Amino acid sequence: MNIDKLQQWLQASNNDLAYISNPTTISYFTGYSMDPHERIFSLIVFKDKDPFIFVPALNVEEAKNSKWDGDVYGYLDSENPWQIIAENIRKRSNEYQKWAIEKNNLSVAHYQNLHNEFPDSNFSSDVSPFIQKIRLYKTPAEIKELKAAGAEADFAFQIAFNAIKTGVTERNIAGQIDYQLKLQKGVMHESFETIVQAGANAANPHLGPTMNQVKPNELILFDLGTMHNGYASDSSRTVAYGQLNDKQKEIYEVVRKAQQKAVDAARPGMTAEELDSVARNIIKKAGYGKYFIHRLGHGIGKEAHEFPSIVQGNHLILQEGMCFSIEPGIYIPGFAGVRIEDCGVVTKDGFEPFTHTDKKLRTLPLKD
């Protein structure tokens with residue numbers, strides 16, 4: 001479960017223990033997942049003692065029956081969770097002074113509660129960069145789950161394309177996608193809110209589905225993903241509903257070419273910045289550079305957005321086992337938006353996408 005790697009890091013960095021507060025990170029290290037809502041869920045890992053999970057009393061039995069085979073402690077809503085955490089830490093040792101915390105996750109309020117229990121301890125060490133690094137390289141087992149999540153995304157696109165008709169709202173289509181994924185594939189969680197954007201709405205990349213109605217002869221953008229055994233998919237396709245004009249066709253083809261060239265170019269040894277440039281330069285040369293307003297890609301794994309960013313200025317060298325998205329786009333306000341996205345893994349000599357829905361321009365017939 002990689003706990004040993006975290007313990008080795010604690011020893012090498014001269015830290016006594018790590019307080020892990022991000023539920024996704026806890027799942028990565030323990031195999032146990034849950035949503036604590038407003039309650040406390042944490043993993044405490046020591047440099048030289050056995051770790052433990054801390055959960056609400058509601059989840060103690062669930063945690064004990066999970067893949068996690070270590071200690072589990074819980075608390076009632078009427079109890080002070082920080083005192084109980086402190087008691088169980090002190091059972092292991094009273095000499096732990098140097099703590100590593102997830103600075104990109106731990107809230108100020110929770111930090112203050114920990115500090116109140118251990119006022120003489122040092123909480124200055126940040127374990128987040130180390131966690132990002134070890135999660136960057138996916139194992140064959142993780143890649144298998146990511147491929148399965150990608151297959152679910154491909155299935156979702158088929159639902160999406162079949163749901164398009166004149167007058168249907170973006171929210172209606174998104175609802176059909178989510179419902180059919182649950183009904184036919186048993187998918188209980190999407191990796192993010194399913195995005196459906198018709199016409200000019202697609203020029204706003206992260207606008208969620210609205211009550212906007214689909215009209216003939218426009219582009220429709222889909223961005224969707226699922227969670228499969230704790231691993232995410234994330235993919236985008238843009239299709240034509242009816243007949244497009246020349247400019248709509250042009251921006252689609254520019255994005256398609258840029259995306260495919262980047263997929264073909266990705267390989268070990270190049271930098272994240274160099275890969276971003278492959279797609280960005282094609283879009284710039286076509287005259288649409290100012291309409292490509294985000295990075296080329298982001299990491300993927302237990303979350304839809306993970307480290308690293310495939311972006312200008314990032315000199316990270318791509319290596320085998322890294323997984324990320326390749327998703328160039330053109331967004332022209334008031335007119336249209338196009339994005340094509342595949343997540344995949346860097347192999348020894350290239351890049352293998354997790355999604356395989358055809359990227360040639362798909363023209364769907366008008367339906368009432």
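Quantities reported herein were computed from a predicted structural model and do not represent experimental measurements.
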Using only atom types and a distance under 3.5 Å, with no angle test, would you say the side chain of [X] pairs donor to acceptor with the backbone of [Y]?
X	Y	result
Asn113	Trp82	no
Asn162	Gln158	yes
Lys144	Thr139	no
His115	His110	no
Asn217	Gln243	yes
Ser236	Ile340	no
Asp276	Leu296	yes
Arg237	Phe222	no
Asp16	Lys98	yes
Gln184	Leu181	no

Examine Trp9 together with Phe130 and report whether their ring centres are nearer than 6.0 Å.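 Yes.
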Which heavy atom of [X] sits nearest to which heavy atom of [Y], and what is that distance?
X	Y	result
Thr25	Ile131	CG2-CD1, 3.6 Å
Tyr288	Lys247	OH-CE, 3.9 Å
Ile40	Tyr75	N-OH, 2.9 Å

side-chain contact (heavy atoms from CB on, under 4.5 Å) against Asn212, all qualifying residues, sequence neighbours excluded: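 Checked Asn212 against side-chain contact (heavy atoms from CB on, under 4.5 Å); matches are Glu170, Ala198, Asn201, Thr210, Lys215.
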Indicate if Ile101 and Phe52 have the same hydrophobic cluster label, given that clusters are the connected sets of ILVMFWY residues with side-chain heavy-atom separations under 4.5 angstrom.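 Looking at the clustering, Phe52 is in the same group as Ile101.
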Would you give the length of the straight line joining atom CD1 of Ile53 to atom NZ of Lys64, rounded to the nearest 0.5 angstrom? 11.5 Å
NZ/Lys302 to OG/Ser191 distance, rounded to the nearest 0.5 angstrom? 13.0 Å
Taking only residues two or more places apart in sequence, or in another chain, which ones meet Arg135 in a side chain to side chain donor-acceptor pair (under 3.5 Å)?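 By the side chain to side chain donor-acceptor pair (under 3.5 Å) rule, Arg135 matches Glu303, Glu306.
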Residues Asp154 and Thr357: side-chain donor-acceptor under 3.5 angstrom: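 Their side chains do contain a donor-acceptor pair, which is all the 3.5 Å distance test asks for.
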